[in-house]
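Positions are given from 1 along the sequence.
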Amino acid sequence: MEEASNKFVAIKGNIDGGPEESDFEIKSETIWVWLKANEVEVIVKNLYVSVDPYQLNRMKSPSSWPYAGETRSGWSYEVCKPKKGDSVFVSAASGSMGSLVGQYAKLFGCRVVSCAGTQQKVDLLKEKLGFDDAFNYKEENDLKSALKRYFPDGMDIYFDNVGGKMLEAAVANMKQFGRVAVCGVMSEYTGNGKRAALDMLDVVYKRITIQGFLAADYLKCYADFMKTTTDHLRTGKMHSLCDISHGVESVPGAFVGLFSGENIGKKIVQIADQ
């Protein structure tokens, strides 16, 4: 018999609003592993954990969210089928999903404009990731007018990570037969944000396609996505953005920080050394 210690993060109860660090607690437990003859037991040591906004949906009351599945999948950008010359808008582009999508759109030959919440992030999107333009949405009083400046002829594709007013503004600036991929609705996860109220006449008369998707829908593409992305990262055609915190105790703060835009890129917590 072997003894192992495990430290983990737990929620004190269901979270139906915006998360706070006080909603979480750090617990420890002792694991006893019984080794029997001719059997193999494995103890897994986690080195890193992923921190993502969608995880809040798994913490809600069971009746408050119909499906809490993950909506992140890099290769699922094929939902909009981008082609060379398309005008593409990506929201929350300095996050793990938006940064990846925008870079792929550039590789496809699209014109890419994005938004983020600080000037530092805007500069990073343009200077490091090579987006054609970017703006700080917090400095805009009228999102519809802001997008009109960047897309005077309208946009072909909007990759939505936030929902709410940003989705409304994007739909108002779509071209005919525009395509919207709904990856996430971060502004609505906490229950504090305004739900999107689309101008349905725009949707009808412009024949706009709006499609949500989940990672599980595209598992068949996973191997191809991993190989292609790895090759692009190795050759420098794409850049990986990671924001790493350290220690299991930092998990609650790292998670809460997602909802105020503290992270740049993929938020990861390193909880152990190799």
Novice: Please work out which of the three classes, parallel, tilted or perpendicular, describes the rings of Tyr158 and Phe89, given edges at 30° and 60°.
Specialist: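 Phe89 vs Tyr158 ring planes: parallel.
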Novice: Cation-pi check for Phe151 against Arg111: NZ or CZ below 6.0 Å from the six-membered ring centre and within 45 degrees of the axis, yes or no?
Specialist: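 Yes - Arg111 lies over the ring of Phe151, closer than 6.0 Å to its centre and within 45° of its axis.
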Novice: Any Lys/Arg nitrogen of Lys267 or Glu262 sitting under 4.0 Å from an Asp/Glu carboxylate oxygen of the other?
Specialist: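 Looking at Lys267 and Glu262, the cut-off is not met.
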Novice: Donor-acceptor check, side chain of Ser187 to backbone of Val162, threshold 3.5 angstrom: yes or no?
Specialist: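 At least one qualifying donor-acceptor pair exists.
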Novice: Is it possible for you to say whether Leu219 and Tyr54 belong to one hydrophobic cluster, with membership spreading through side-chain heavy-atom contacts below 4.5 Å?
Specialist: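 As far as the 4.5 Å side-chain criterion goes, Tyr54 and Leu219 are not connected within one cluster.
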Novice: Minimum heavy-atom separation for Val248 to Lys7, with atom names?
Specialist: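 Heavy-atom minimum between the residues: CG1-CD, 3.1 Å.
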Novice: Given 3.5 Å as the limit, does a donor-acceptor pair link the side chain of Asp199 with the main chain of Leu201, or not?
Specialist: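 Pair found, side chain donor or acceptor close to backbone of Leu201.
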Novice: Report the distance from atom OG of Ser94 to atom CZ of Phe131, rounding to the nearest 0.5 Å.
Specialist: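 Ser94 OG to Phe131 CZ: 9.5 Å, rounded to 0.5 Å.
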Novice: Could you state whether Leu258 and Tyr48 fall into the same hydrophobic cluster, counting links through intermediate Ile, Leu, Val, Met, Phe, Trp or Tyr residues with side-chain heavy atoms under 4.5 angstrom apart?
Specialist: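 Result: no, two separate clusters.
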Novice: At what distance, to the nearest 0.5 angstrom, does CZ of Phe259 lie from OH of Tyr189?
Specialist: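 The OH atom of Tyr189 is 8.0 Å from CZ of Phe259, to the nearest 0.5 Å.
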Novice: Give a yes or no on whether a salt bridge exists between Lys266 and Asp52, defined as a side-chain N under 4.0 angstrom from a carboxylate O.
Specialist: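 Looking at Lys266 and Asp52, the cut-off is met.
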Novice: Using distance only, find each side-chain donor-acceptor pair of residues 120-129 under 3.5 Å and give its atom names and separation, not counting sequence neighbours.
Specialist:
residue: Lys121; atom: NZ; partner: Gly261; partner atom: O; Å: 2.4
residue: Lys121; atom: NZ; partner: Asn263; partner atom: O; Å: 3.1
residue: Asp123; atom: OD1; partner: Gln119; partner atom: NE2; Å: 2.9

Novice: Would you confirm whether Asn14, through its side chain, and Met59, through its main-chain N or O, come within 3.5 Å as a donor-acceptor pair?
Specialist: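 At least one qualifying donor-acceptor pair exists.
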Novice: Without swapping roles, check the side chain of Thr229 against the backbone of Met226 for a donor-acceptor pair under 3.5 Å.
Specialist: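 No.
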Novice: Under the side chain to side chain contact (heavy atoms under 4.5 Å, CB included) rule, collect the residues that match up with Thr30, sequence neighbours excluded.
Specialist: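 Side chain to side chain contact (heavy atoms under 4.5 Å, CB included) list for Thr30, sorted by chain: Glu3, Trp32.
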Novice: Got a second to check how far Ser87's OG is from Asp132's CG, nearest 0.5 Å?
Specialist: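 If I round to the nearest 0.5 Å, the distance is 9.0 Å.
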Novice: Any donor-acceptor pair under 3.5 Å linking the side-chain atoms of Tyr137 with those of Ser91?
Specialist: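 Side chains of Ser91 and Tyr137: no pair found under 3.5 Å.
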Novice: Is a donor on one side and an acceptor on the other found under 3.5 Å between the side chain of Asp243 and the backbone of Ile264?
Specialist: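 Yes; judged by distance alone, with no hydrogens or angles, the pair exists.
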Novice: Roughly how far, to the nearest 0.5 Å, is the NZ atom of Lys144 from the CG atom of Asn173?
Specialist: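 One gets 8.5 Å once the value is rounded to the nearest 0.5 Å.
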Novice: Is a side-chain donor or acceptor of Thr228 paired with a backbone partner of Phe225 at a separation under 3.5 angstrom?
Specialist: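 Side chain of Thr228 to backbone of Phe225, a donor-acceptor pair under 3.5 Å: no, none is there.
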Novice: Would you call Asp156-Lys83 a salt bridge at under 4.0 Å N-O?
Specialist: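 Answer for the salt bridge query: no.
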Novice: Can you tell me how far OG1 of Thr209 sits from NZ of Lys81, rounded to the nearest 0.5 angstrom?
Specialist: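 It is 11.5 Å, given to the nearest 0.5 Å.
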Novice: Under the 3.5 angstrom rule, does the side chain of Gln103 hit a backbone N or O of His239 as a donor-acceptor pair?
Specialist: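 Checking the backbone N and O of His239 against the side chain of Gln103, a donor-acceptor pair under 3.5 Å is found.
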Novice: Assigning hydrophobic clusters by single linkage (Ile, Leu, Val, Met, Phe, Trp, Tyr; side-chain heavy-atom cutoff under 4.5 Å), is Ile11 placed with Val9?
Specialist: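 Yes; Val9 is reachable from Ile11 via cluster members.
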Novice: Are Asp23 and Lys12 close enough for a salt bridge, meaning some N to O gap below 4.0 Å?
Specialist: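 Not counted as a salt bridge, because no side-chain N and carboxylate O are separated by less than 4.0 Å.
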Novice: Side-chain contact test, heavy atoms from C-beta onward, threshold under 4.5 Å: evaluate it for Val90 versus Val113 and give yes or no.
Specialist: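 Heavy-atom side-chain distance check fails, nothing below 4.5 Å.
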Novice: Would you call Lys27 and Glu25 a salt bridge, using N to O less than 4.0 angstrom?
Specialist: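 Result for this pair is yes, salt bridge flagged.
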Novice: Check whether any side-chain N or O of Asp133 sits under 3.5 Å from a backbone N or O of Val112 as a donor-acceptor pair, and report yes or no.
Specialist: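 No, Asp133 side chain to Val112 backbone: no donor-acceptor pair under 3.5 Å.
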Novice: State yes or no: are the ring centers of Phe135 and Tyr150 separated by less than 6.0 Å?
Specialist: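 Yes, the ring of Phe135 comes within the 6.0 Å limit of the ring of Tyr150, centre to centre.
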Novice: Is it true that a side-chain atom of Lys206 and a backbone atom of Met174 form a donor plus acceptor pair closer than 3.5 Å?
Specialist: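 Yes: the side chain of Lys206 pairs with the backbone of Met174.
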Novice: So Lys237 and Asp231, salt bridge (charged side-chain N to carboxylate O under 4.0 Å, His left out) or not? Walk me through it.
Specialist: CA-CA 8 Å; Lys237 292 182 178 179; Asp231 289 344; over 6 Å; no
Novice: Donor-acceptor check, side chain of Gln211 to backbone of Ala181, threshold 3.5 angstrom: yes or no?
Specialist: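 Answer holds: no.
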Novice: CZ of Arg149 to CG of Asp142: how many Å apart, nearest 0.5 Å?
Specialist: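 One gets 9.0 Å once the value is rounded to the nearest 0.5 Å.
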